[in-house]
Amino acid sequence: MGAQFINYVSLSPPASLHRPPERSIHRPPTSMLCGNVGWVAGLLCACAVMLGPMGQPVNNREVGEVLRGDNMTTPARNNWNESTFAAKHDVRQSFLLSAAEQEFVLKRKQIAMKSLNNLGITLTLDSVPHIALLGSGGGQRSALSLVGSLYQMEKEGLLDTVLYLGGVSGSAWSMSSLYRDPQWSANMDRVVSNLSGPEVPLEQALAWLGERAKEEHFSLTDIWGVVTSVGIMKQLDPRHLSEDSMTAFNPYPVYNAVDKNCLQNGPEKGKWFEMTPREVGFTDLGLFINTSRLGSRNYEADPEVQEMDMVKLQGIMGSAVANEQSLFNFMPVWLKGLVGAATDENNLLDVAFLWTEVPNQVKKFWDVSDRYMRGYHSLLKVTELIRKNTEDPTVLSGLDDLQKTLKESLNLNPMASFEKKSPKQQQKLILEQWGQKMAPIHTWIQSLEEGPVKSGVSLLIQKVFPLIQKWEWGTTENFLYQYPGAAVPACLRLKEHIELIDAGLMLNMPYPPFLGEKRDVDLLIALESGADDIFKTLILARDYAAEVKKPFPEIDPKILEERDWPNDCYVFEGKEKEPTIIYMPLFNRRNCKDAEEFKAKMEEFSTFQRPFSQEKTEFVLETAKFNIKNNKETLLREINKAALRRHNKSYGSWAESGF
C-alpha cells in the first residue's frame, strides 16, 4: 500500500473532562555429533536417526481473584477492579487484567504517550491507544522477521507506542531472547549482532542436558529447547519467566502455547494457554495461576517450587512436532534439510529411513518384521554418524566390530522367532531382542575415553533414545485437575497433567489473548512469517473469534485471490469493538517480482531446515526491516486512528460530535 498523507490531530479533552495522568565464549570443538551441519543440527540429527522403532518401514510402505470449590463466579467485565474469592489453589478466575498487569499498563502508557507526542500525535493518557505487535510462527524465519521488524520500528520511533508484544513458536523464541535485557528496546543493534554468534559451546549444552536428564520429567521438550535456543538464538538461558523485569521500558510480553489434549479432543475455550511474567493460564476460560507456580504439585505458597526455565519454555513454544500429525507432515522435509539428500541407496543415512510414522498409528499397522529391521538400521546410522566425526583408531576399530555384528543381524530372518505368537508376544520379544542388541552399544560407550563424544553418545543412547521410542514430550502438573465447576472442560478437568505444545498448531498468530475486553486492544500489527497460505491464519482467527464470541474485523473475500502474491501491507479496519488489524506478509509484491519468486522464497526459507547461514540470516532481517520502513506512513495513519478511537471510548459522545 502506498504512503498516504496523515493529518495528525490533537486529542485533548476540554478542561471539564480532563483527567490527571494516572562474557567470552569459545566455539565448539571440531568433533561434532552429526556430520558437518553444526553440532546443534547434529544433536537433532542424532536424535532423528534413532527414530528407527517408529520409522518408515524398510520397504517404504505407507495478585488477583481466586476461587474455591463451588464459589466459582465470573466477575463483571466492565471495570478494572478485581473481585476477591477465598482460595485453595491460588487460581484466579477473571476476564479482567491482573493487578500486576494493570499497574504495568499504566506505566507503559506514559512511555507510549511521550512517543506518540514525538510523532506529532498530541493526546492525554486516557487517549493512548492499546497497540499489540504480533509475531507469527515459522521457525527461524519468523524469529528473524520479528527481530528485524522490531529493529526498524525502534529506528522509526514507533516501538515505544507498542503496549504488548505477543508471539508463537519461532517469534516466541526471539521474545525469550529479547527479554534477557531489561532495556532491549533501546539496544536493538546488540540484539541483531547476537544472532550472528558466537555459538554456545557443545560442552555447555550437553552439561545442561545432563543435569536436566536427572529430573523426573526430562523429555523431548528439553532437548528441543536446547536445539532452538542454541542453534537459532545462540544462547542457553537459565532464567525464569517470572524473573523478567517489568519496568515498562519494553512492551508487555505474552507467550503462547496450546493444550494438546484439548486441541485434539476438546472445546475451543480449553485450548489456548497464555504465559506472561506475572501469571499463566487458559485465555478463554479466564483461569490463571502465578507464573512461578507453573508445574508445581502444590499451589499453596511453596518456596521450593521449581519453575521451568526459558530453555524448556522455548521447547514448549516451538514443539510443533510434538503433535503427531505435524510430525507426520513435516518431519521428512525437515530431516532432509538436516542431513542432506542421500544419493547412494546403500548410504546408512538414507533419508528414507528417517521418515517417522504417527506414533498413535503404530498399533494400527504393527509390522513385526519392519519394526525389527528398522531398529538395526537406526543403530547402524548412529555408528555411521560417530565414524564421520572421529579419527581415533580405538574408536574406529570398535565401530568396525559393532557394525559387522549389526549387519549380520540384518541378514537374519526375525520372523522365524515370531511364528505362532500373538501380537503382544511378538512385541515383547522384539523389545527383549532389542535390549540384547543394545548391550554391545553400552559396552562400547564405556570403552571410550572421557570427553564430548562419550558424554554426547551416552546421553543420546541412555536418555534420549527411550524418549524417542515413546515420543515423550514434556507434561506439566495440571492446576485445573479435578477442578470443580462446569467452566473447566473434561479435557482439562480429568487430566492430572497437561501437555503444552506449539500454539501455531491452532493459530499461527497469537490473536486470542488480544481479542475482547480484557486487554481492549485497538490496533493489532500482525507480522506474517508463517509457512501456511497467506491469509489462512487470518481466516482461522476470524472463525475462532466467532466461536468464542470475540470481536474481529471483517475480511473482504476478494483479498484471498492475492494469496499467491500478496501485497506488503493490508489494513482490516475495526468499526466498533473490533480491533483494526495491520497485516504484513514477510515476502510480498515489493520484494518478489512475481508469484513464482514468492513461492521460491517461501521454499528457500522454509520452516524446517538447518540453522540459517549468515547470508540467509541477514537477508531475512533486511527484508523485515524494509517492510516496516516502507509502510511507516500506513502504520502512523492507523496508530493515529487508533488514538482517535481510544479518545472516543474515553470521552464518549463529546469526542464524536466535537471532532
Side-chain angles (χ1 to χ4, degrees), residues 23 25 38 40 133-154 159 162 164-201 204-205 208 221-247 249-257 275-277 291 307-319 502-504 510 527 529 586 607 611-612 614 616-618 620-621 624-625:
R23 73 205 145 154
I25 301 177
V40 176
L133 182 68
L134 310 185
S136 74
Q140 54 198 320
R141 179 186 60 251
S142 62
L144 295 170
S145 173
L146 179 61
V147 171
S149 299
L150 290 169
Y151 176 94
Q152 196 62 38
M153 288 191 72
E154 192 276 328
L159 184 52
V162 176
Y164 290 104
L165 181 60
V168 300
S169 197
S171 60
W173 300 342
S174 283
M175 288 174 57
S176 67
S177 176
L178 288 169
Y179 283 87
R180 293 181 70 191
D181 181 355
Q183 296 186 334
W184 62 261
S185 57
N187 299 315
M188 288 305 301
D189 288 298
R190 184 166 64 193
V191 171
V192 170
S193 66
N194 287 343
L195 293 172
S196 300
E199 295 181 356
V200 176
Q204 183 180 345
W208 186 94
T221 303
D222 299 295
I223 298 165
W224 193 247
V226 169
V227 170
T228 56
S229 296
V230 177
I232 296 173
M233 305 315 301
K234 305 293 192 299
Q235 65 178 35
L236 196 63
D237 189 359
R239 86 179 195 280
H240 301 121
L241 177 56
S242 65
E243 297 169 356
D244 281 358
S245 174
M246 290 292 97
T247 62
F249 197 89
N250 305 309
Y252 194 74
V254 182
Y255 302 91
N256 299 274
M275 298 170 282
T276 75
T291 301
E307 181 184 352
M308 67 179 66
D309 62 22
M310 295 303 292
V311 178
K312 184 162 188 173
L313 197 62
Q314 283 189 223
I316 287 174
M317 294 184 296
S319 58
D502 194 327
L527 306 175
S529 306
L586 176 64
T607 301
F612 287 172
Q614 184 62 29
K616 293 177 78 170
T617 294
E618 291 177 356
V620 175
L621 287 170
K625 292 177 188 178

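Just so it is clear, the model here is predicted, and its values are computed rather than measured.
- Counting heavy atoms from C-beta on, the side chains of Met233 and Thr228 never come closer than 4.5 Å.
- Counting heavy atoms from C-beta on, the side chains of Gln314 and Asp237 never come closer than 4.5 Å.
- Scanning both residues, Met275 and Ala257, for their nearest heavy atoms gives CE-CB, 3.9 Å.
- Panel note: side chain Ser185, backbone Phe249; a donor-acceptor pair is recorded below 3.5 Å.
- Between Ser174 and Ala143 the shortest heavy-atom distance is OG-O, 2.6 Å.
- Between Asp181 and Val191 the shortest side-chain heavy-atom distance does not fall below 4.5 Å.
- Without hydrogens or angle criteria, Asp189 side chain to Val192 main chain gives no donor-acceptor distance under 3.5 Å.
- Gly139 approaches Thr607 most closely through the heavy-atom pair N-CG2, 3.7 Å.
- Glu307 contributes a side-chain N or O that, together with a main-chain N or O of Ser242, makes up a donor-acceptor pair within less than 3.5 Å.
- In this structure the side chain of Val254 never reaches within 4.5 angstrom of the side chain of Met175, judged on heavy atoms.
- A heavy-atom distance below 4.5 Å is not found between the side chains of Asn250 and Leu165.
- Put simply, the side chain of Leu159 does not reach to within 4.5 Å of the side chain of Gln152, judged on heavy atoms.
- Put simply, the side chain of Ile316 reaches to within 4.5 Å of the side chain of Met308, judged on heavy atoms.
- Among Ser169, Ser149, Ser171, Ser142, the one residue that satisfies the side-chain contact (heavy atoms from CB on, under 4.5 Å) test with Ser529 is Ser142.
- Counting all heavy atoms, side chain and backbone alike, Asn256 lies closest to Pro510 at ND2-CB, 3.4 Å.
- In this structure, Thr291 contributes its side chain and Thr276 its backbone to a donor-acceptor pair below 3.5 Å.
- Residues Tyr255 and Ser176 bring no donor and acceptor atom of their side chains to less than 3.5 Å of each other.
- Between the side chain of Asp222 and the backbone N or O of Lys312 there is no donor-acceptor pair closer than 3.5 Å.
- In this structure, the side chains of Gln140 and Lys616 stay at 4.5 Å or more apart for every pair of heavy atoms.
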